[in-house]
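Just so it is clear, the structure is predicted and the values come from calculations on it, not from any experiment. So you know, we letter chains A, B, ... as the sequences are listed, proteins then strands, and number each from 1.
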There are 2 protein chains.
Amino acid sequence: MSIPLPLLISSAATHQALSADEAVELAAAFKALGDPVRLRLLSLIAAHEGGEACVCDLTGAFALSQPTISHHLKVLRDAGLVRSERRATWVYYRVRPEAIALLATVLVPGDAPLRSTCPPDGSDLPA
Amino acid sequence: MSIPLPLLISSAATHQALSADEAVELAAAFKALGDPVRLRLLSLIAAHEGGEACVCDLTGAFALSQPTISHHLKVLRDAGLVRSERRATWVYYRVRPEAIALLATVLVPGDAPLRSTCPPDGSDLPA
DNA sequence: GGTCAACATAGACGTGTGTCGATTCCGCTG
DNA sequence: CAGCGGAATCGACACACGTCTATGTTGACC
């Protein structure tokens, strides 16, 4: 009975318009995605074997300097989209799926997905 | 057999890392979402009755000048996230659900959603 | 036709962002 | 300990972005 129309970009909990605070927080994450290099970095990390990649795996994929890649990784990490972990000489980056899933949920409210309609089973986001 | 891990930020069609061209296109859309005012605008439009709102409905929700709101609406329109239509004196804005859904699909590849696992029924994105 | 309201465009200004080269930090290994 | 390679930080610079005021454009109404 709720959800009168293809209601998008809503607060995941209430399915209402975003509050100013929610918007600020979410916009920071989307802003981090708003650069082609960072999108590809995220993609490369996710697609790399084991779901993680060290910086040396990533720098080669771009015609950019190592500090620039490092800067973009920092932006992604500050936005909460990736985690980093030092192991010996190398630093490994890994995607934080909860953060990505939250963004997707905001775009398409969970129990009214656009692409396929599942019977509501009450499952919620992991963590 | 495919999808070794929580594979995110992938090309919707191939489930592989994004190409440079895909990344440029998608980043432009995410960048448009990377501002709190634009996120709230999108949210307000989607939540408004009939799924559309005129500019006069939106300007009152912000402590910003009318030209600034107009500017943000133009950014959203240029990114393909909303449509605008003039009716008499007023211009009505409406969300383009396909565009939003595409972004969500990139974040969480369609047939391996994070939040609920549906039986694959082969349905694809509308339009 | 004149006037008014809704909305868009133009120009200006301060701040933020992406990139670089140079340097520094950290941990391994002779 | 010295040296080396991987990665982060620093400082600088050009450009993009968000906001404003002022002005233009469009359609309705007297």
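Listed pair A/R86 / C/dC25 fails the phosphate criterion, with no side-chain N or O lying under 4.0 Å from OP1 or OP2. Between D/dC20 and B/H71, no contact under 4.0 Å exists linking OP1 or OP2 to a side-chain N or O. Note on A/K31: every side-chain N or O is 4.0 Å or more away from OP1 and OP2 of D/dC17. Checking the phosphate oxygens (OP1, OP2) of D/dA8, a side-chain nitrogen or oxygen of A/Y93 falls inside 4.0 Å. Considering only side-chain N and O atoms, B/T68 lies under 4.0 angstrom from the phosphate OP1 or OP2 of D/dC20. Residue B/S65 places no side-chain N or O under 4.0 Å from the OP1 or OP2 atom of D/dT19. Phosphate contact (OP1/OP2 of C/dA8, side-chain N/O of B/S70, threshold under 4.0 Å): present.
Toward the 5' end of DNA chain D, the nearer of the two residues A/W90 and A/P67, judged by each one's closest nucleotide, is A/W90. Residues A/T89 and A/A63 each lie close to DNA chain C; by heavy-atom proximity, the contact nearer the 5' end of the strand is made by A/A63.
Annotation: B/E85, atom CD; neighbour count of heavy atoms from other residues, nucleotides and ligands within 6.0 Å is above 12.
For B/Q66 against C/dA8, a side-chain N or O and a base N or O form a donor-acceptor pair under 3.5 Å.
The shortest distance between side-chain heavy atoms of A/L44 and A/F62 falls below 4.5 Å.
In this structure, the nucleotide among C/dC28, D/dA8, C/dA8 sitting nearest to the side chain of B/V55 is C/dA8.
Comment: A/E52 engages A/R87 in a salt bridge, judged by a side-chain N to carboxylate O separation of less than 4.0 angstrom.
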